[in-house]
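These numbers come from the heavy atoms of this one structure, side chains and all, not from hydrogens, waters or symmetry mates.
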Amino acid sequence: MASPRMDQVFYSAHSKASHYILRHTSHRFRAIIEHAVLGLAICAFCTVILSHRAFVHREDIACISHVNDDGEGGVAEANGGGGCSNNMS
(Lines give C-alpha, C1' and ligand atoms only; values in the text may rest on other atoms or scores of the structure.)
Protein backbone atom coordinates (compact mmCIF):
# COMPACT_ATOMS: atom_id res chain seq x y z
CA MET A 1 0.00 0.00 0.00
CA ALA A 2 1.26 3.47 -0.84
CA SER A 3 2.32 5.77 1.93
CA PRO A 4 0.26 8.91 2.67
CA ARG A 5 3.10 11.01 1.26
CA MET A 6 3.01 9.11 -2.06
CA ASP A 7 -0.76 9.63 -2.21
CA GLN A 8 -0.20 13.36 -1.90
CA VAL A 9 2.45 13.26 -4.63
CA PHE A 10 0.17 11.33 -7.00
CA TYR A 11 -2.77 13.65 -6.26
CA SER A 12 -0.61 16.71 -6.86
CA ALA A 13 0.68 15.32 -10.17
CA HIS A 14 -2.85 14.41 -11.25
CA SER A 15 -4.12 17.87 -10.28
CA LYS A 16 -1.36 19.65 -12.20
CA ALA A 17 -1.87 17.50 -15.30
CA SER A 18 -5.66 17.97 -15.19
CA HIS A 19 -5.41 21.74 -14.83
CA TYR A 20 -2.83 21.94 -17.64
CA ILE A 21 -5.08 19.94 -19.97
CA LEU A 22 -8.16 22.00 -19.04
CA ARG A 23 -6.33 25.26 -19.75
CA HIS A 24 -4.85 24.18 -23.09
CA THR A 25 -7.76 22.34 -24.71
CA SER A 26 -11.17 23.47 -25.87
CA HIS A 27 -14.50 22.20 -24.61
CA ARG A 28 -15.25 20.73 -28.04
CA PHE A 29 -11.99 18.72 -28.09
CA ARG A 30 -12.64 17.35 -24.58
CA ALA A 31 -16.20 16.39 -25.56
CA ILE A 32 -14.90 14.53 -28.62
CA ILE A 33 -12.35 12.67 -26.49
CA GLU A 34 -15.00 11.78 -23.89
CA HIS A 35 -17.34 10.42 -26.57
CA ALA A 36 -14.50 8.44 -28.15
CA VAL A 37 -13.62 6.89 -24.78
CA LEU A 38 -17.30 6.05 -24.20
CA GLY A 39 -17.44 4.34 -27.61
CA LEU A 40 -14.26 2.42 -26.83
CA ALA A 41 -15.70 1.28 -23.48
CA ILE A 42 -18.88 0.04 -25.18
CA CYS A 43 -16.85 -1.82 -27.83
CA ALA A 44 -14.67 -3.40 -25.12
CA PHE A 45 -17.77 -4.53 -23.21
CA CYS A 46 -19.24 -6.08 -26.37
CA THR A 47 -15.94 -7.83 -27.06
CA VAL A 48 -15.95 -9.35 -23.57
CA ILE A 49 -19.56 -10.55 -23.97
CA LEU A 50 -18.92 -12.06 -27.41
CA SER A 51 -15.70 -13.71 -26.25
CA HIS A 52 -17.51 -15.17 -23.25
CA ARG A 53 -20.23 -16.59 -25.47
CA ALA A 54 -17.67 -18.01 -27.91
CA PHE A 55 -15.13 -19.48 -25.50
CA VAL A 56 -16.78 -19.97 -22.10
CA HIS A 57 -20.50 -20.53 -22.59
CA ARG A 58 -20.53 -23.57 -24.80
CA GLU A 59 -23.64 -25.64 -25.36
CA ASP A 60 -21.92 -28.99 -24.80
CA ILE A 61 -20.55 -27.84 -21.44
CA ALA A 62 -23.94 -26.38 -20.47
CA CYS A 63 -25.59 -29.71 -21.36
CA ILE A 64 -23.14 -31.70 -19.26
CA SER A 65 -23.78 -29.39 -16.34
CA HIS A 66 -27.54 -29.71 -16.83
CA VAL A 67 -27.40 -33.51 -16.98
CA ASN A 68 -25.27 -33.70 -13.84
CA ASP A 69 -27.55 -31.29 -11.95
CA ASP A 70 -30.53 -33.56 -12.53
CA GLY A 71 -28.81 -36.34 -10.66
CA GLU A 72 -29.29 -38.61 -13.64
CA GLY A 73 -27.10 -39.57 -16.47
CA GLY A 74 -23.56 -40.63 -16.65
CA VAL A 75 -20.82 -40.43 -19.19
CA ALA A 76 -22.97 -41.92 -21.95
CA GLU A 77 -25.77 -39.39 -21.50
CA ALA A 78 -23.35 -36.50 -21.06
CA ASN A 79 -21.64 -37.40 -24.33
CA GLY A 80 -24.72 -37.43 -26.49
CA GLY A 81 -27.87 -38.48 -24.74
CA GLY A 82 -30.29 -36.62 -22.56
CA GLY A 83 -31.64 -34.25 -25.23
CA CYS A 84 -28.46 -32.25 -25.78
CA SER A 85 -27.50 -31.50 -29.33
CA ASN A 86 -24.09 -32.51 -30.58
CA ASN A 87 -23.41 -29.43 -32.67
CA MET A 88 -19.67 -29.27 -32.24
CA SER A 89 -18.47 -26.54 -34.56
Side-chain angles (χ1 to χ4, degrees):
M1 184 144 209
S3 68
R5 175 72 181 132
M6 276 310 273
D7 290 343
Q8 291 173 354
V9 170
F10 287 138
Y11 179 76
S12 176
H14 170 74
S15 178
K16 287 178 185 178
S18 296
H19 284 102
Y20 178 81
I21 290 170
L22 287 173
R23 273 191 306 250
H24 292 87
T25 58
S26 67
H27 172 72
R28 182 175 173 87
F29 179 74
R30 289 191 307 269
I32 290 170
I33 295 299
E34 286 179 6
H35 284 90
V37 169
L38 176 64
L40 182 64
I42 291 170
C43 289
F45 179 76
C46 291
T47 301
V48 168
I49 295 298
L50 292 174
S51 296
H52 182 270
R53 285 191 49 100
F55 299 112
V56 176
H57 180 73
R58 302 213 7 219
E59 289 297 324
D60 54 337
I61 293 173
C63 275
I64 291 170
S65 174
H66 178 68
V67 168
N68 289 339
D69 286 344
D70 289 342
E72 300 175 359
V75 175
E77 276 192 341
N79 286 335
C84 293
S85 63
N86 285 332
N87 295 337
M88 303 284 273
S89 45

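Here the straight-line distance linking atom CG of Leu22 with atom OH of Tyr20 works out to 12.0 Å at 0.5 Å rounding. With rounding to the nearest 0.5 Å, the separation of SG in Cys43 from CG in Leu38 is 9.5 Å.
With respect to Ile32, the side chain to side chain contact (heavy atoms under 4.5 Å, CB included) criterion is satisfied by exactly one of Arg28, His35, Glu34, Arg30: Arg28. Tested against Phe45 for a side chain to side chain contact (heavy atoms under 4.5 Å, CB included), the candidates Ile49, Ile42, Thr47, Val48 yield a single pass: Ile49.
Between the side chain of His19 and the backbone N or O of Ser15 there is at least one donor-acceptor pair closer than 3.5 Å.
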